Structures are given as structure tokens and as C-alpha cells.
2 protein chains.
Amino acid sequence: MVIEKNTTLDRTFHALADSTRRGMVTMLAKEGFKTAGELGAPFDISQPAASKHLKVLENAGLVIRKRHGRTHAFSLNSETLGAARGWLERHQAFWAGSMDQLEALLETEGDT
Amino acid sequence: MVIEKNTTLDRTFHALADSTRRGMVTMLAKEGFKTAGELGAPFDISQPAASKHLKVLENAGLVIRKRHGRTHAFSLNSETLGAARGWLERHQAFWAGSMDQLEALLETEGDT
DNA sequence: CCATTATATAACCAAATGGTTATAGAAAAA
DNA sequence: TTTTTCTATAACCATTTGGTTATATAATGG
């Protein structure tokens, strides 16, 4: 068994494991572009707290930051979202395969 | 904007944000059933550490535990994997929609 | 220039995380 | 029954996390 060590997925899943950050991702998914201020506004947290959340999302590669003057515009990076999704898909597929094998095994055993 | 507060997703993504736990999930996806001992063996951690990882996966609903005598057999819970995958898919779809809208907007603006 | 606005950074704190060793409990084996 | 084996729990520790307030930096507006 080869053990995978993927710090990119670590960061991605960790970033998504917080409802405030997922809320920010939802805003970006729905509305395309948002500033740091807009992304923090709906949540009952301080401005520095929102800033830190955005840095976590940025370091995970989930969002892309573009500076426009004194405001920072964020957008979603669908590629990173897709990488996490791909991992889950592959594992569900593997699992489905295992279940098929198990079913086949059970059927064979049931034959006797 | 409705802010989502989903502690189930919190637990799911948090459980997946660790390469040891993802490795355990990979083993289960590939091989169907494994005992606690087998799941911990490939990793350079103590038995209690592996036990704790399995409890995190179990509490997240990612694995199902069945006691057989003194051994515990684990299997993957594809439903929870699918819930996380669904969240990612919906957000990618939203994002794709936003991009379409943006493209449409840009095209309209380019008309004049 | 000066004030305001948008965002980040520093310093700090409590709680959670992931690891350890030592121990307990319960089932299997001798 | 006694010993092993499998797994969990307790107690502890260092690091990380997510929050705060206070301050810095940088761009805009008067």
C-alpha cells in the first residue's frame, strides 16, 4: 500500500472545514467577484478575522486575489475545487468497485 | 445571502484534511473492509493515535465500525463521501454559471 | 496636506488538534 | 485460569486554530 502525502489536499480540505470559509466560497460561487469587505460582512466576526480566513482560502488555492487600488477582489479557483472533488470521486468509484467485487463474491458463495 | 451552518460538513472536511486519515480512507476504498490494526499499520504512529484517527473518521460518518469479537472492522460510508462531493459539485456548477453570466455580460458590453 | 477607507499585521488568548506513554477492558489462546 | 492480543481511554504535551484588540500600510477624497 502506497501512502499518499499530499499537503495540497490537506490545505484544501482544511480550508473547507470551516462554515465561515465555506460561506465565503458560496458567495464567490454565486456572485463571481467579491471584495474582502463584502466577503466578511455577512459573518459576525472582526475585520482581521475575515482577513485571516481569506488568507487561508488563498493559501489553499481555493480563491484568487487581485488588488485593485486599496480593495482586494477575490474570485473562486475552480481548479482546486475540482481537485478535491476528483479525490472524492475516485474514492467513491473505488468503493463502488469494491462493493461490486463483494457482491460478486457473495453471489459466488451463494451458489454453493 | 443565507449563511450556511453545517457542522456535518465541518466534520467531514476536517476528517479529510489529514493525510493519515485520507490514507485510511484510501485503504478502505480499495479493499472494502479493514480492522483498526490493519488501518494503522502502514503509518508511523502509535496504536492510540490510529485509534483516535478512526474515531474522527467514525464521528464524521465517513466510516462504519462493526465489532467482531475483539477486532473492529471498518468500511467506508459512501453517503458521507457523496455529501462532500455534492457540495463541491454544486459550487463548481454555480461558479460555471457565474462565468457564463460574466461572458454574456462582456459580450453585451462589447456590442456597443 | 489631512482625513477617511480598505486591508493586513502584530500580539495575545482559549480551545482544539495530533502526538505520546501508560493503563484498562474484553476476547482469544494456551 | 493465565497469558496474549486487539482496541480504547486517560493524562499529558507542543503546535495550530480561530478569535480578539490595537496598529500599520496604502489608496482615495476633501
Side-chain angles (χ1 to χ4, degrees), chain A residues 3-28 31 33-75, chain B residues 3-28 31 33-75:
Chain A
I3 299 311
E4 53 187 83
K5 168 75 176 174
N6 186 332
T7 59
T8 296
L9 278 179
D10 279 28
R11 277 195 283 266
T12 303
F13 284 126
H14 169 253
L16 292 174
D18 179 282
S19 66
T20 298
R21 287 193 291 264
R22 283 200 310 281
M24 289 173 162
V25 168
T26 298
M27 292 175 76
L28 290 174
E31 310 188 28
F33 289 88
K34 284 285 176 188
T35 68
E38 289 169 334
L39 288 166
F43 306 99
D44 192 22
I45 55 176
S46 64
Q47 176 266 319
S51 180
K52 283 207 232 171
H53 280 307
L54 287 169
K55 186 178 272 186
V56 170
L57 288 169
E58 188 185 20
N59 287 340
L62 280 165
V63 304
I64 293 163
R65 180 196 308 253
K66 291 228 167 102
R67 291 164 185 75
H68 290 101
R70 65 183 163 184
T71 71
H72 293 199
F74 291 86
S75 62
Chain B
I3 301 310
E4 56 188 79
K5 169 75 176 173
N6 187 333
T7 59
T8 297
L9 279 179
D10 279 26
R11 278 195 281 265
T12 303
F13 283 126
H14 170 253
L16 293 173
D18 180 282
S19 66
T20 298
R21 286 192 294 262
R22 283 200 309 282
M24 289 174 162
V25 168
T26 298
M27 292 175 76
L28 290 175
E31 311 188 29
F33 289 87
K34 284 285 175 189
T35 67
E38 289 169 335
L39 288 167
F43 306 99
D44 192 22
I45 55 176
S46 63
Q47 175 267 318
S51 179
K52 284 207 231 172
H53 280 307
L54 288 170
K55 185 178 274 188
V56 170
L57 289 169
E58 187 185 20
N59 287 340
L62 279 165
V63 304
I64 293 164
R65 180 196 308 253
K66 290 230 167 98
R67 290 164 186 75
H68 289 103
R70 66 183 165 184
T71 72
H72 293 198
F74 291 85
S75 62

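Convention: sequence-line order gives letters A, B, ...; per-chain numbering from 1. Since the model is a prediction, treat every value here as computed from it, not as a measurement.
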Between the protein and nucleotides 9-14 of chain D, list every N/O to N/O distance that falls short of 3.5 Å.
residue, atom, partner, partner atom, Å
D/dT9, OP2, B/K55, NZ, 2.6

- Query: Any N or O donor-acceptor pair linking the side chain of B/R70 to the base of D/dT7 at under 3.5 Å?
  - Reply: no
- Task: List the atom of A/V63, the atom of A/F74, and the distance in Å for their closest heavy-atom pair.
- Result: CG2-CD2, 3.8 Å
- D/dT17 phosphate, OP1 or OP2: any side-chain N/O from A/H53 under 4.0 angstrom? no
- Message: I'd like to know whether A/L16 forms a side-chain contact (heavy atoms from CB on, under 4.5 Å) with A/L62, so could you lay out the CA-CA distance, the side-chain angles of the two residues, the decisive distance to 0.1 Å, and finally the verdict.
- Response: CA-CA 9 Å; A/L16 292 174; A/L62 280 165; 3.8 Å; yes
- Item | Phosphate OP1/OP2 of D/dG18 contacted by A/H14 side-chain N/O (<4.0 Å) | yes
- Using whole Å, report how far CD of A/E38 lies from C1' of C/dT7. 13 Å
- Task: Start with the C-alpha distance between A/F13 and B/R22, add both sets of side-chain angles, then the distance that settles side-chain contact (heavy atoms from CB on, under 4.5 Å), and finish with yes or no.
- Result: CA-CA 11 Å; A/F13 284 126; B/R22 283 200 309 282; 3.9 Å; yes
- Query: Hey, does the side chain of A/T71 come within less than 4.0 Å of C/dA6's phosphate (OP1/OP2), counting only N and O?
  - Reply: no
- Message: Could you tell me how far apart B/K66 (NZ) and D/dT7 (P) are, to the nearest whole angstrom?
- Response: 16 Å
- What is the distance from CD1 of B/I45 to P of C/dT17, rounded to the nearest Å? 16 Å
- Query: Which nucleotide sits closest to the side chain of B/D18: D/dG19, C/dG18, C/dT7?
  - Reply: C/dG18
- Note on the structure: Between CG of B/L39 and C1' of D/dC6 the distance, given in whole Å, is 13 Å
- Message: Whole angstroms only, please: what is the NE2-P distance between B/H72 and C/dG25?
- Response: 15 Å
- Query: Could you give the CG-to-P distance, from A/L54 to D/dT17, as a whole number of Å?
  - Reply: 16 Å
- Message: For a 4.5 angstrom cut-off between non-hydrogen side-chain atoms, does A/H53 reach A/F43?
- Response: no
- Message: A side-chain contact here means heavy atoms from C-beta on lying under 4.5 Å apart; do A/R21 and A/H14 qualify?
- Response: yes
- Item | Rounded interatomic separation in angstrom, taking NZ from A/K34 and C1' from C/dT7 | 17 Å
- A/S51 side chain near A/Q47 side chain, heavy-atom distance below 4.5 Å: yes
- Item | Residues forming a side chain to side chain contact (heavy atoms under 4.5 Å, CB included) with B/A49, sequence neighbours excluded | B/I45, B/S46
- Query: Which part of the nucleic acid, if any, lies within contact of B/A49, taking any heavy atom under 4.0 Å across all strands shown: a base, the sugar-phosphate backbone alone, or nothing?
  - Reply: base
- Gap between atoms CZ and P, on A/F13 and D/dT16 respectively (whole Å): 22 Å
- Query: Can you check whether A/R21 has a side-chain N or O nearer than 4.0 Å to OP1 or OP2 of D/dG18?
  - Reply: yes
